[in-house]
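Here's the structure we're looking at; comments come further down.
Chain letters run A, B, ... following the sequence lines, proteins first and then strands; every chain starts at 1.
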There are 2 protein chains.
Amino acid sequence: MNQRRPFQRAGEEARRTALIEATLDLIAEGGPQAATVRAIALRAGVTPGLIRHYFATKEDLVAAAHETLMTGLTEASAARLDDLPDDPLARLAGFVANAVSPPVTDPRAVALWAASMQLVPRDAAMRKVHEATYLGFRDRLQGMIADALTAAGRRDEDTRALAIAGNALLDGLWIEAGALPDHFQANELKSIAIKAFSRLLDLKLPEV
Amino acid sequence: MNQRRPFQRAGEEARRTALIEATLDLIAEGGPQAATVRAIALRAGVTPGLIRHYFATKEDLVAAAHETLMTGLTEASAARLDDLPDDPLARLAGFVANAVSPPVTDPRAVALWAASMQLVPRDAAMRKVHEATYLGFRDRLQGMIADALTAAGRRDEDTRALAIAGNALLDGLWIEAGALPDHFQANELKSIAIKAFSRLLDLKLPEV
DNA sequence: TGAGTAATTATGCAAGCGTATAATTACTTA
DNA sequence: TAAGTAATTATACGCTTGCATAATTACTCA
């Protein structure tokens, strides 16, 4: 007779986060269809039945995973701000360069983002999260743009329009960097982003 | 005995497009997992077996649907371009404006695009289509940028970098227009895109 | 230290999936 | 109008899926 598999008990929180992490890993690697209960359990080092013990349905687990992902992205983006220099121009340049360089550009992150984007049009909760994340990022960018322009003695610029455009530019570059990583040389996107922002704002941003 | 279901023959092209349209509708409404062979056949008014007759695998059908979607979007951006004057600046402005206006900007299209983006990193057929349509759009944009710069007597510009940046800008605006349609006033994105391109190229593009 | 219990594993099931293949039918054409 | 054929339907198979439930085991604490 086969031995019954030995196990150790783990706290509820540890098991929940392990299951959520396994779910995110699998979605990033193989898309939502790869995140089956059996695959998730295997990755998390448990057996499938345990999922039912912590999440009523698989849908609940996926929803919890999305929430974890989004709050994680927001916090990560906020944390990077503290490392940037104080000079407004250099600060903006650093922010722009970060946004299109590893580890921000990352196929895993892009894949997960695409998975959640797909839900945005038909899921109100996802739309709300997306809205908050998008506006949060854009507002930060707008603040830096305003500071940089002010430092250069420029007034009466439409910083909202510039932030929308700048945010779109970074989004587009970030996506293509993740989707077609082989199409761009190392640092090419960073250089393109800095030059594009320089022209967009009519300011000379320093290369980083 | 149940009657065997009566049917009419339709041309190969009609059936293929019907199946592709059904696939796109289902993915847009319920995500990729909603596009099962049975659901697709039902929506297209045929029985599941017929799919096999026109597409070797379901994967082939999905890839064909993706190609139809993306080339359709590119065509829509280029549409009515021929009506515009030959002036390179006006042509570029029209192209840019179209790319961020209905019907190109469309929540359904964005949802479909997000769904396909998930498949791109790991499905060779999807990646090929994505590369081709991405580069097709970008090359078109690059050609127009080059024409506009040449007409303005400008040389030695890095049109590749400008096209990458311009393409990213349009992509980003297009995505947000589809994901958060209520956040932008009518024509706001169009105006932002034109102004951003004017600065990016250091050319005065006419509002359309 | 031993009984109780919650965590975990193990097993099984019904439904849905993609796909292979056979049977039929609408249409073409000679 | 009859024969041939390509289009279409019908059926079935093997897998995988999410989930329910029973069996077992690690841990707790009186």
For [N] and [X] - does any side-chain N or O of the residue sit under 4.0 Å from the phosphate oxygens OP1/OP2?
X: B:Arg52; N: C:dT21; value: no
X: B:Tyr54; N: D:dT8; value: yes
X: B:His53; N: D:dT8; value: no

Which class fits the ring pair A:Tyr134 and B:Phe184: parallel under 30°, tilted 30 to 60°, perpendicular over 60°?
->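 The arrangement is perpendicular - the two ring planes meet at more than 60°.
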Nearest-0.5 Å distance, OG1 of residue A:Thr105 to CD1 of residue A:Ile175 = 12.5 Å
Under a 4.0 Å N-O cut-off, is there an ion pair linking A:Asp147 with A:Arg91?
->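 The answer is no: the pair does not qualify as a salt bridge.
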Is the shortest side-chain N to carboxylate O distance from B:Glu176 to A:Arg138 below 4.0 Å?
-> no
Does A:Ser101 reach the main-chain N or O of A:Asn98 with its side chain, forming a donor-acceptor pair under 3.5 Å?
-> no
Roughly how many Å is it from [atom1] in [X] to [atom2] in [N], rounded to a whole number?
X: B:Leu50; N: D:dA6; atom1: CG; atom2: C1'; answer: 11 Å
X: A:Ile40; N: D:dC19; atom1: CD1; atom2: P; answer: 10 Å
X: B:Glu59; N: C:dC17; atom1: CD; atom2: C1'; answer: 15 Å
X: B:Gln3; N: C:dA26; atom1: CD; atom2: P; answer: 10 Å
X: A:Ile51; N: D:dA20; atom1: CD1; atom2: P; answer: 13 Å
X: B:Phe55; N: D:dA7; atom1: CZ; atom2: P; answer: 14 Å

Near-strand residues of residues 5-38 of chain A, defined as heavy-atom separation under 4.0 angstrom from DNA chain C |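 Of all residues in residues 5-38 of chain A, the ones placing a heavy atom under 4.0 Å from DNA chain C are A:Arg5, A:Phe7, A:Gln8, A:Arg9, A:Ala10, A:Arg15, A:Arg38.
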Should A:Arg108 and A:Glu29 count as side-chain neighbours, where that means a heavy-atom distance under 4.5 Å?
->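 Contact flag for A:Arg108/A:Glu29 side chains = no.
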In terms of the nearest nucleotide of DNA chain C, which residue is placed more toward the 5' end: B:Ala56 or A:Pro48?
->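 Nearer the 5' end of the strand: A:Pro48.
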